[in-house]
Amino acid sequence: MLRYFTAGETHGKCLTAIIEGVPAGFKISVDKINHYLAERQKGHGRGGRMLIEKDTAEILSGVRGGISLGSPIAIRIENRDWKNWSEIMGTEESNGEKAVEFPRPGHADLSGGMKYDHHDLRNVLERASARETAARVAVGALARQIVEPFGVNFDSHVVSIGTVSDTADVNAPDFFENVHNSPVRFGDEEAAKKAMEYIDDIKAKGESCGGIVEVIIKGVPAGLGSYVHYDRKLDARLAFSAMSVQAIKGVEIGLGFDTARTHGSAVHDEIVYEDGFSRVTNNAGGIEGGMSNGEPIVLRAAMKPIPTLYNPLRTVSIKDKSEHKASVERSDACAVPACAIVVESVAAFEIANAFLEKFGGDCMADIRASYEAYKERIKNY
Ligand code: EPS
């Protein structure tokens with residue numbers, strides 16, 4: 001079983017992740033981790049913090065000469081902004097400056113303050129911040145390196161930002177190439193321009209905006225996850241992991257909520273056989289009965305607008321309970337393109353975990369043997 005933890009505050013010294021359960025003998029590229037960290041930093045609508053940071057992973061343990069050892073892998077990502085916060089966020093001493101008194105509606109501030117008895121809401125927001133997603137992207141970038149040698153690949157794009165939807169065809173051959181070159185991870189350039197105008201407009205109004213992201217996972221063999229128990233269902237795990245990403249308010253797989261608005265024959269994917277089983281359509285989003293069915297897995301998540309508003313909403317002081325405008329922290333007007341990378345990363349972790357559950361072993365050779373034997377059996381099913 002793969003497990004991970006992250007630690008770190010947004011203006012603390014660094015973010016740390018420990019991933020446990022990575023088998024021995026896998027090629028681990030730190031450049032690949034850094035590629036996804038850089039992707040997460042991009043996107044039209046990001047705020048000032050991304051100009052300060054250049055997220056880079058340092059692998060501290062569990063890898064030797066670029067190959068996993070089977071021991072826990074620790075990763076560290078420095079916060080460059082720490083130098084501006086060391087007196088405020090020091091672990092030994094803090095000058096208590098930049099205290100936060102006015103909880104932002106939509107943020108963890110108020111419930112977190114009440115729950116942990118914090119009377120400076122900075123103690124909440126520092127950890128609740130989506131900065132933590134840098135660590136999760138590093139974990140996902142590592143996890144994908146477990147399944148990529150078996151032909152599994154991951155990509156993501158933005159379906160819509162606010163009221164602007166991408167119009168490109170996801171199945172077009174150059175779709176993902178265009179997405180990777182787009183500042184909003186759209187496939188269509190004209191729609192991307194509209195989305196950027198939309199972001200600029202809401203930013204000028206002191207607003208923020210959300211959007212919908214989609215992750216597409218190809219090459220997953222049929223049979224990951226299981227129907228036999230609730231916590232082994234692959235869709236349940238993907239939904240859990242996507243929902244655990246900061247600001248996610250909704251998750252869909254395949255046709256998702258739209259399945260409820262139509263009839264059975266318009267939803268279910270007919271089965272055909274040509275050199276193996278396949279489906280005429282993929283409304284199930286690659287998962288039936290909590291198991292992968294061999295079709296691409298399609299996972300969508302809805303990100304709410306970031307709660308920090310430069311034109312803030314009404315709130316109440318946690319000190320004297322007087323009415324006040326919510327605190328304003330430096331923030332992003334739109335982080336939806338980054339969110340696509342984050343959801344892709346947490347999904348990669350879940351797929352790698354389910355893959356190891358099915359084919360698990362202590363080392364690459366055992367996993368390869370188990371995988372090949374399964375593929376052979378399925379071929380003759
Ligand atoms: C983020 C870092 C944060 C925010 C943002 C995401 O840095 P700072 O607070 O120093 O500007 O830019 O986080 C939020 C908007 C939030 O509400 O948590 C990052 O690295 O992605």
Side-chain angles (χ1 to χ4, degrees), residues 6-17 33-34 36-57 75-89 97-100 102-113 120-141 161 185 199 202-203 206-211 213 244-249 303-313 315 326-346:
T6 72
E9 277 73 40
T10 182
H11 303 115
K13 216 175 228 174
C14 64
L15 296 164
T16 311
I33 299 176
N34 289 334
Y36 288 103
L37 287 176
E39 287 294 300
R40 193 202 72 95
Q41 287 200 257
K42 286 187 195 165
H44 192 79
R46 291 292 252 164
R49 179 71 181 270
M50 290 306 114
L51 301 173
I52 300 172
E53 301 298 341
K54 190 179 182 310
D55 292 338
T56 311
I75 299 178
R76 179 184 186 275
I77 302 164
E78 182 194 347
N79 285 330
R80 286 193 170 186
D81 206 15
W82 159 251
K83 61 177 187 303
N84 304 316
W85 289 81
S86 56
E87 285 171 17
I88 300 166
M89 290 301 298
E97 281 176 18
K98 296 209 185 233
V100 177
F102 310 110
R104 288 161 295 171
H107 212 282
D109 299 347
L110 182 57
S111 303
D120 170 1
L121 299 177
R122 173 153 308 283
N123 290 346
V124 177
L125 74 89
E126 282 287 332
R127 177 64 186 161
S129 165
R131 174 84 191 134
E132 188 258 351
T133 61
R136 292 214 253 176
V137 167
V139 170
I161 288 180
R185 288 186 86 81
I199 295 167
I202 60 117
K203 190 176 177 181
E207 279 281 0
S208 61
C209 68
V213 302
S244 78
V245 172
Q246 289 80 340
I248 296 301
K249 279 295 191 188
M303 182 189 193
K304 70 182 181 184
I306 288 172
T308 303
L309 302 178
Y310 283 90
N311 191 6
L313 289 170
T315 189
S327 292
V328 180
E329 279 276 313
R330 176 182 58 199
S331 189
D332 311 304
C334 175
V336 179
C339 181
I341 300 293
V342 178
V343 178
E344 180 183 327
S345 303
V346 297

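Atoms within a ligand are numbered from 1 in the order they appear, just like the ligands themselves.
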Point-to-point distance, once rounded to the nearest 0.5 Å, from [atom1] of [X] to [atom2] of [Y]:
| X | Y | atom1 | atom2 | value |
| --- | --- | --- | --- | --- |
| Arg76 | Thr56 | CZ | OG1 | 11.0 Å |
| Ile52 | Arg80 | CD1 | CZ | 10.0 Å |
| Leu37 | Thr133 | CG | OG1 | 9.5 Å |

| Would you say ligand 1 has an N or O under 3.5 Å from any N or O of Ala130? | yes

| message | Please report whether ligand 1 has a polar contact with Arg330, defined as an N or O pair separated by less than 3.5 Å (distance criterion only). | response |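 Yes, Arg330 has an N/O under 3.5 Å of an N/O on ligand 1.
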
| Can you check whether Arg104's main-chain N or O pairs, donor with acceptor, with Asp109's side chain at less than 3.5 Å? |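 At least one qualifying donor-acceptor pair exists.
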
| task | Could you tell me whether the side chain of Glu9 and the main chain of Met89 form a donor-acceptor pair under 3.5 Å? | result | no

| field | Heavy atom of His107, distance to ligand 1 below 4.0 Å | value |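 It does, in that a heavy atom of His107 comes within the 4.0 Å cut-off of ligand 1.
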
| request: Consider ligand 1: state whether an atom of it lies below 4.0 angstrom from any non-hydrogen atom of Ser331. | output: yes

Shortest protein contact, [atom] (heavy atom only):
| atom | result |
| --- | --- |
| atom 13 (O) of ligand 1 | Ser129 OG, 3.6 Å |
| atom 20 (O) of ligand 1 | Arg40 NH2, 2.8 Å |
| atom 4 (C) of ligand 1 | Asp332 OD2, 4.2 Å |

| note | Logged contact type for Thr10 with ligand 1, heavy-atom cut-off 4.0 Å, is side chain

| query | Under 4.0 Å from ligand 1, counting heavy atoms only, is it the side chain of Gln246, its backbone, both or neither? | reply | neither

Please identify which atoms of ligand 1 are closer than 4.0 Å to at least one heavy atom of [X].
| X | value |
| --- | --- |
| His11 | 8 (P), 9 (O), 10 (O) |
| Arg46 | 21 (O) |
| Ile306 | 15 (C) |

| said: If you count heavy atoms of other groups shown closer than 6.0 angstrom to NZ of Lys304, is the number above 12? | reply: yes

| task | Could you name the option among Arg104, Glu53, Arg131, Arg127 that has the heavy atom nearest to atom 2 (C) of ligand 1? | result | Arg131

| task | Select the closest option to atom 19 (C) of ligand 1 among Glu329, Met50, Gln41, Arg49, judged by heavy-atom distance. | result | Met50

| request: Determine, stepwise, if the pair Ser345 / Arg40 fulfils side chain to side chain donor-acceptor pair (under 3.5 Å). | output: CA-CA 10 Å; Ser345 303; Arg40 193 202 72 95; over 6 Å; no

| field | Identified side-chain contact (heavy atoms from CB on, under 4.5 Å) counterpart of Gln246 within the set Arg131, His107, Glu132, Met303 | value | Glu132

| Side-chain donor-acceptor contact under 3.5 Å, Asp120 with Asn123 |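 On atom types as modelled, these side chains do not qualify, holding no pair under 3.5 Å.
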
